[in-house]
Amino acid sequence: MLADSWPANATVQSSVMASTWFAFAAAAAGVAFVVLALVLYPLVRWRRRPGDAMPEPFRNNYALEIGWTAVPLLLVAGLFTYTFRAEARVDGLARHPDVVVAVSGYRWGWTFAYRGGPTIDGPSYPPAVFGERAAAPELVLPLGETTRIELSARDVNHGFWVPDFLFKRDAIAGQTTSFDLDPSKLGTFAGKCSSFCGLDHTRMLFSVRVVSPRAFIAWERGRT
Ligand SMILES: [Cu+2]
C-alpha cells in the first residue's frame, strides 16, 4: 500500500524536501501535459483528409521561437531558485542547537555521544564473525527541538540514512560534517548505513526515537 511505503516525513527539514519534490513533480506533470497536448491535438485536428493538398511550408515564427526558449528557461530558473532556497534551509545550522550528538559510524555499528550526556554504543564485532546480533543502538531526540548531529566515521566511509527523515549524509572517515534535525513527529524511525562499507554493511542498523522534550530530559537523567 502506498500509505505504508510513503515516508513519514518526520522533521522540519524533511517537509522542506518533500515540498521541493512535489514542486518538481507538479512542474514535470505540467510539462508532460503541455507536450502531450501539443502532440495529440494537431494529430486529430489537422489530420489529412481525402483530397487535401500538401500545406505550404513556412519558415520562422519568432513569437513561437522566443516562447519555447523563454518558458523552459523561466521554468528551470524557478526550480533552481526553489531548490537553492530549500537546500539552504535543510543545510542551515541553528546558532544555538538544543542538543548536540556526535554520531560516529564504524564497522559495524554506530556510536551516539551526547555532548555532556550519555554515550550509546552499538554492537561491535569483528568483521569475520557472524555471531548473535546485539540490539541496534537507538538515537533519542526531543520533539520540536533542534538537534545538531556531528557526523564522522572511524574506519571507512559510511552513510547516515533515516528514510523517514528523507535524509542521507555520508559519514567520511577522518572528517566531521554537521547538520541539524528538527523532529516534528513522535515515533520510532528506522536508520541504516547507506554506503556499502564491507561484508556486514547490512547489519549497520539503528533507530531514531522521537520523544517529548520532557520525556527526553527524563531519559537523559536515567542514562547519566
Ligand atoms: Cu557502513
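No hydrogens, no waters, no symmetry mates; every other heavy atom, side chains included, goes into these values. As the structure is a prediction and not an experimental result, all values here were calculated from the model. Read the numbers this way: they start at 1 and go in the same order the structure lists the ligands and their atoms.
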Checklist entry - Distance below 2.8 Å from the Cu ion (ligand 1): how many protein N/O/S atoms qualify? => result 4
Checklist entry - Parallel, tilted or perpendicular: which describes the rings of Phe179 and Phe167, with under 30° parallel and over 60° perpendicular? => result tilted
Checklist entry - Under a 4.0 Å N-O cut-off, is there an ion pair linking Asp91 with Arg169? => result yes
Next on the checklist: Can you list, by chain and residue number, the hydrophobic cluster partners of Leu64 when the side-chain cut-off is 4.5 Å?
Outcome noted: Trp68
Item to check | Side-chain hydrophobic cluster, 4.5 Å single linkage: members besides Val34 | outcome: Leu38
What pairs of donor and acceptor atoms, side-chain ones from residues 42-58 against any protein atom, are under 3.5 angstrom apart with sequence neighbours left out?
residue, atom, partner, partner atom, Å
Arg47, NH1, Val44, O, 2.9
Asp52, OD2, Arg49, N, 3.0

Checklist entry - Between Met204, Glu138, Lys192, which is the residue that forms a side chain to side chain contact (heavy atoms under 4.5 Å, CB included) with Trp110? => result Met204
